[in-house]
> 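This is the structure I have questions about; it appears just below.
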Protein chains: 2
Amino acid sequence: MGLEERRRRERENRKNAILKAARRLFFEKGFKPVTVESIARKAELSKGSIYLYYNSKEEIYTQILLNDIDKFHNHIAALLQTPSSASEALVRLANIYVDFFLNERELFRILMTFMLHTTDMNLPDDLNTHIIKTTNKTIDIIEQVFKYGIERGEFPATINLRQSRNAIWGMLNGIISLHLFTGIETKRAEAIRSTIKAGLDTYIRGILTPNPGL
Amino acid sequence: MGLEERRRRERENRKNAILKAARRLFFEKGFKPVTVESIARKAELSKGSIYLYYNSKEEIYTQILLNDIDKFHNHIAALLQTPSSASEALVRLANIYVDFFLNERELFRILMTFMLHTTDMNLPDDLNTHIIKTTNKTIDIIEQVFKYGIERGEFPATINLRQSRNAIWGMLNGIISLHLFTGIETKRAEAIRSTIKAGLDTYIRGILTPNPGL
DNA sequence: TGACTAACGGTCATATACTGACCAAAGTTC
DNA sequence: GAACTTTGGTCAGTATATGACCGTTAGTCA
């Protein structure tokens, strides 16, 4: 059924045209100043049409992150194929994560907006679930690096994996939050990288130092 | 108004998709065996949609010729820029004309169908006019070649231009009719070319020979 | 040769998709 | 605190598309 296939394709194309227009505008101006009307105009549609494809302005906003973060995960997947120490892998993973958000800062804002305002976003359940799963995927990859370190004898088997992975993820996001939108613009990237490097080094040293209380 | 522009583009694209599908099917099977339903399916539309863009099956058929013949005229336009004798130009024009139809035989059938069944084609007036103008354009080019010959002293000024151009056009079409669809397939092109060459040579000799009756 | 059937060009009632005026809520101004 | 403006989201009206249906034509059969 070519006819049905064409209609499906047109719907898909329409959705993508909306996302593309929205992405451009959000990245240029941020969430608030961009109106649904302006997205509609850039996508060459009416405002009513936007709501045929997306439930809300927030849904469009978060869908942008979901579209982009697949590339990040594909990139990360290659990381674990490259032979190296677990410590090196962890640093490299952190750098790729940071690069992803440095490349487009608005993506980080989208992630944080979601993390901080989940219940206010008015997202359909499946989109909520999808974002959570996607975020967890990143966290799981961090956990795999720790497991890899234990397997190679690099890290002690006594590490609390869940705790460590959450701590690393939190630290990455916390450091990025501190420096991505504030400070001297030309020094932000370096500030993030060096702080993360120092933080990871210290955390890893902590892992390797026997706990005298045990 | 991007929205209106997009809608206009979509209509244009839809029309072109129909023409493209129709062209493919007509060239493969000819006019009769191709149904409007089959064109619709190939264009990934419903049959009712076809009639939103074209008034009839015949209109689609003739529109195909109109789309293609522009290329022919552009090609021919270059001809008159190349310095040569009028006789040579005439032969070259005839060859380009023949090539055009040899390249896609169905185009000739479309032209002849129009010429022979104009009143039965149920075409809107503007399309009728357009085809007539387009056909006349070809005839006018032939006339210009004769004028060129007179200007250079190659042909006598006593030539009846209208008569000659119509005779040449008729001869070309008549010869093509004779050989395009009948005879041994591998010999058809050559049969047409050589017959046209001979016919043109004879006609030109006739032009150059003083009429003793005058 | 007339009755019947199948096929298909073209039509149009219905379905689907889209639009932008409108409403309610929130923020701003006086 | 009232009036005003802006904007996310809604929905009645409009635009576009679909495919069942009808009328006509051509072919078949008795």
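Residue numbering restarts at 1 for every chain, and letters A, B, ... go by the order of the sequence lines. Computed from a predicted structure; not experimentally measured. Quick note: numbers below take in every heavy atom, side chains included, and nothing from hydrogens, waters or symmetry partners.
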> Detail all sub-3.5 Å separations between protein N/O atoms and N/O atoms belonging to nucleotides 22-24 of chain C.
none

> Just jot down the side chain to side chain contact (heavy atoms under 4.5 Å, CB included) partners of A:Y51, sequence neighbours excluded, or say none.
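Partners of A:Y51 under the side chain to side chain contact (heavy atoms under 4.5 Å, CB included) test: A:V36, A:K47.
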
> Determine, for B:E4 against B:R8, whether the closest basic-nitrogen to carboxylate-oxygen distance falls under 4.0 angstrom.
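Looking at B:E4 and B:R8, the cut-off is not met.
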
> For residues B:K15 and B:Q63, determine if any side-chain heavy atom of one lies less than 4.5 Å from a side-chain heavy atom of the other.
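SC-SC contact between B:K15 and B:Q63 ruled out.
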
> Do the non-hydrogen side-chain atoms of B:R109 and B:F181 ever get within less than 4.5 Å of each other?
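B:R109 vs B:F181: side chains touch.
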
> For DNA chain C, what residues of residues 8-24 of chain B have any heavy atom nearer than 4.0 Å?
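Per residue number, the list is empty: none.
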
> With sequence neighbours excluded, what pairs up with A:F114 under the ring-ring contact (aromatic ring centres under 6.0 Å, His included) test?
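Listed in chain order: nothing, the list is empty.
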
> Using a heavy-atom distance cut-off of less than 4.0 Å, which residues of residues 29-39 of chain B contact DNA chain D?
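Heavy-atom contacts with DNA chain D come from no residue of residues 29-39 of chain B; none.
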
> Check DNA chain D against residues 48-60 of chain B and give the residues with a non-hydrogen atom under 4.0 Å, in numerical order.
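Heavy-atom contacts with DNA chain D come from B:G48, B:S49, B:L52, B:Y53.
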
> If the condition is salt bridge (charged side-chain N to carboxylate O under 4.0 Å, His left out), which residues does A:E12 pass it with, not counting sequence neighbours?
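Residues passing salt bridge (charged side-chain N to carboxylate O under 4.0 Å, His left out) with A:E12: none at all.
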
> Are B:L90 and B:Y203 close enough that some pair of their side-chain heavy atoms sits under 4.5 Å apart?
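Side-chain contact under 4.5 Å: no.
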
> Under 4.0 Å from a heavy atom of chain A: give me the 5'-most and 3'-most nucleotides of DNA chain D that qualify.
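From 5' to 3', the first and last contacting nucleotides are D:dT7 to D:dG19.
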
> Got a donor-acceptor contact below 3.5 angstrom from the B:E88 side chain to the B:S85 backbone?
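At least one qualifying donor-acceptor pair exists.
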
> Taking salt bridge (charged side-chain N to carboxylate O under 4.0 Å, His left out) as the definition, give me every residue that meets it alongside B:D70, ordered by chain and number, with sequence neighbours left out.
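So B:D70 forms no salt bridge (charged side-chain N to carboxylate O under 4.0 Å, His left out) with any residue.
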
> Spell out, as yes or no, whether a donor-acceptor pair under 3.5 Å connects the side chain of A:R14 to the backbone of A:Y53.
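No, the answer is negative, given that no donor and acceptor are paired below the 3.5 Å cut-off.
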
> Among all residues two or more places apart in sequence or in another chain, which pass the side chain to side chain contact (heavy atoms under 4.5 Å, CB included) test with B:F31?
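Once residues adjacent in sequence are excluded, the partners of B:F31 under the side chain to side chain contact (heavy atoms under 4.5 Å, CB included) criterion are B:F26, B:K57, B:E58, B:Y61.
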
> Is there side-chain contact between A:R23 and A:I60, with at least one heavy-atom pair below 4.5 Å?
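No, too far: nothing below the 4.5 Å cut-off.
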
> Which whole-number value in Å describes the distance from A:R41 CZ to C:dC18 P?
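It is 19 Å, rounded to the nearest whole Å.
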
> Is it the case that the side chain of B:S38 and the backbone of B:V34 share a donor-acceptor pair, with hydrogens and angles ignored and the cut-off at 3.5 Å?
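Not a single qualifying donor-acceptor pair exists.
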
> According to side chain to side chain contact (heavy atoms under 4.5 Å, CB included), who are the partners of A:L178, at least two apart in sequence or on a separate chain?
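Side chain to side chain contact (heavy atoms under 4.5 Å, CB included) check on A:L178 returns nothing, list empty.
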
> With sequence neighbours left out, what residues match A:F146 under ring-ring contact (aromatic ring centres under 6.0 Å, His included)?
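A:F146: ring-ring contact (aromatic ring centres under 6.0 Å, His included) contacts with A:F155.
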
